[in-house]
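To start, the structure itself, in structure tokens.
So you know, we letter chains A, B, ... as the sequences are listed, proteins then strands, and number each from 1.
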Protein chains: 2
Amino acid sequence: MEIEFQDLSYEVYKRLKNMILVNELLPGEQLKQEHIAARLGISRMPLHKAFQMLENEMLVENLPRRGFFVTRIDNNQLIDAFECREALEGVAVRRVSQIIGKQELAYLKSLFKPFIGKTNIDDRKYIEADQEFHNSILKFSRNEILKKFEVIRNITYRTYRGGLIRAPKETLPEHLAIIDAIEQKDAVLAERLIREHSGKSQKCIIEKLGTSPNGVEPVLHHDKK
Amino acid sequence: MEIEFQDLSYEVYKRLKNMILVNELLPGEQLKQEHIAARLGISRMPLHKAFQMLENEMLVENLPRRGFFVTRIDNNQLIDAFECREALEGVAVRRVSQIIGKQELAYLKSLFKPFIGKTNIDDRKYIEADQEFHNSILKFSRNEILKKFEVIRNITYRTYRGGLIRAPKETLPEHLAIIDAIEQKDAVLAERLIREHSGKSQKCIIEKLGTSPNGVEPVLHHDKK
DNA sequence: AAATAGAATATTGTATACAATTATTACATA
DNA sequence: TATGTAATAATTGTATACAATATTCTATTT
């Protein structure tokens, strides 16, 4: 189970990131440097760099002299993240409407084609399409700064692992309407639509949080006693 | 010129960050690990951690096997950052309007009191107040995720070092209007005002730069010759 | 004199070693 | 048995050492 690549830290980073995102490493779990280093057949230095990267994406937290822990997703942070996402996707889609190319537009459309008209939709596949849609909007905006906000993608990704937030029947038309606005190069409309779209999901999240469904609970981080 | 603290990396990070922000380290300049480590009387490991932090704030860039360089602020990135700032400050001020306390509100007001009614304003002091105002909005929002977006603060800070973007005569009333909306707990108005405020500065920046956000081409960094 | 190849030097990336701190265990005592 | 404390082990933080790569300098050739 060894890793040998050009940029060790980066490979380690990607690997750990994935392990966290798919819950192979659980929230709250401590990441002991020597253990992981040994398991990956590397020293602690490149590992430390990887941890640093993960920390900046809020996937791990560092307690000085204690170590690194997989971050628990705090409900408040979740809401915070969704609010930011709403605004930033607005920024992105505004730009996308102005600069999108034919291929990119076709790609966006292709994401949802398999679901149009269908009655029973595979949730897992729809979630994938949904995430790819939102990621593509960010990517196609060519806004370099937006790429720095991996934090938000991570949090929403981890959230969506709990299952669909709203039914495809409800969100599919919204997605299509956004794509339509982009195609019409109506930046203002596209921004309004995507913000409404995000806003609705936000509300559903907040409602769901009342019951704290999939192990998400408002816990302070790693404080004993 | 030595540093000895509890968290070495963090102290080094703060120090280097400041040196970059005040142009003591110039854009494009290479940061040679051993030189700086020697100058600070530490080893390269905590230094490397500091570099990593700076990289995540886009204050330095890492070219593999070449080293770390102070990032040049690219015009396109500048525009990108301002667009994000506009949106995120909107998110922040919306929340601020809902949760702000008396002291915080008084603090916001106090920032601009020295300039009200004055005819000849010290630009440097006004810039400081302006930045503190915008930073406070972010802070008072208590949005944990927003704190992660130090990138944007850095870029705008470095930009403002080039001097005022718009005259205080123009921006002072805008600032006061925003504070007023916050006081009235009118979140929607506050958001609209701060976005307009940011938007105007954005336009001025773009005019000064002479470039448009569209049809731009990516400039490679640190390419010699 | 300019250009190029090769050697010398400088710099980064990784691993190991040691020091400082924290967590765990064992034991004595109430 | 429960509790507090000392000893031990585990873990992190920092420094040093070495290997891999990049840069600079020098000498040679055209």
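Between A/Ser136 and A/Leu108 the shortest heavy-atom distance is CB-CD2, 3.7 Å.
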Mind listing the N/O atom pairs, protein and nucleotides 8-10 of chain C, below 3.5 Å?
none

N/O-N/O pairs, protein side and nucleotides 17-22 of chain D side, under 3.5 Å:
unit_1: D/dA20; atom_1: N3; unit_2: B/Arg65; atom_2: NH1; d: 3.4

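At whole-Å resolution of the value, CZ in A/Phe69 and P in D/dT11 are 12 Å apart. Look at CG on A/Leu40: it is 14 Å from C1' on C/dT14, rounded to the nearest Å. Atoms OH (A/Tyr13) and C1' (C/dT14) sit 21 Å apart, rounded to a whole Å. What separates CG of B/Leu63 from C1' of C/dG13 is a distance of 15 Å, to the nearest Å. If you measure from atom CG of A/Leu47 to atom C1' of C/dG13, you get 15 Å, rounded to the nearest angstrom. We find that CD1 of B/Ile42 is positioned 7 Å from P of D/dA15, with the value rounded to whole Å.
Nearest nucleotide to the side chain of A/Gln33, out of C/dG13, D/dG13, C/dT14: D/dG13. Picking from C/dT11, D/dT12, C/dT16 the nucleotide with the shortest atom distance to the side chain of B/Gln30 gives C/dT11.
Although no hydrogens or angles enter the test, the distance criterion places no donor-acceptor pair under 3.5 Å between the side chain of A/Thr71 and the main chain of A/Ile73. The main-chain N or O of A/Asn56 is never found under 3.5 Å from a side-chain atom of B/Asn56 such that the two would form a donor-acceptor pair. Not a single donor-acceptor pair under 3.5 Å links the side chain of A/Asn23 to the backbone N or O of A/Leu26. Looking at B/Asp74, its side chain does come within 3.5 Å of a backbone N or O of B/Gln77 through a donor-acceptor pair.
Look at A/Ser43 and you'll find a side-chain N or O under 4.0 angstrom from OP1 or OP2 of C/dA15.
Using a 4.0 Å heavy-atom distance criterion, A/Leu31 is classed as a sugar-phosphate-only contact. Residue contacts shown for B/Glu34 include a base, since a base heavy atom lies under 4.0 Å away.
Counting only N and O atoms by type, the side chains of B/Glu57 and B/Asn154 include a donor and acceptor under 3.5 Å apart.
Annotation: proximity of residues 49-57 of chain A to DNA chain C (heavy atom, distance under 4.0 Å) is found for no residue.
Residue pairs meeting the side-chain hydrogen bond (donor to acceptor under 3.5 Å, both in side chains) criterion with at least one partner in residues 43-52 of chain A, sequence neighbours excluded, are A/Gln33-A/Arg44. Counting only residues at least two apart or on different chains, the salt bridge (charged side-chain N to carboxylate O under 4.0 Å, His left out) pairs with a member in residues 130-143 of chain B are B/Glu104-B/Arg142.
Applying ring pair (Phe, Tyr, Trp, His ring centres under 6.0 Å) to A/Phe133 and the options A/Phe115, A/Phe112, A/Tyr126 leaves one that passes, A/Phe112.
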Side-chain donor-acceptor contacts of residues 82-92 of chain A below 3.5 Å, not counting sequence neighbours, with atom names and distances?
unit_1: A/Glu83; atom_1: OE1; unit_2: B/Arg95; atom_2: NH2; d: 3.4
unit_1: A/Glu86; atom_1: OE2; unit_2: A/Arg195; atom_2: NE; d: 3.2
unit_1: A/Glu86; atom_1: OE2; unit_2: A/Arg195; atom_2: NH2; d: 3.4
unit_1: A/Glu89; atom_1: OE1; unit_2: A/His134; atom_2: ND1; d: 3.2
unit_1: A/Glu89; atom_1: OE1; unit_2: A/Ser198; atom_2: OG; d: 3.2
unit_1: A/Glu89; atom_1: OE2; unit_2: A/His134; atom_2: ND1; d: 2.7

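The number of heavy atoms from other shown groups lying within 6.0 Å of NZ (A/Lys125) does not exceed 12.
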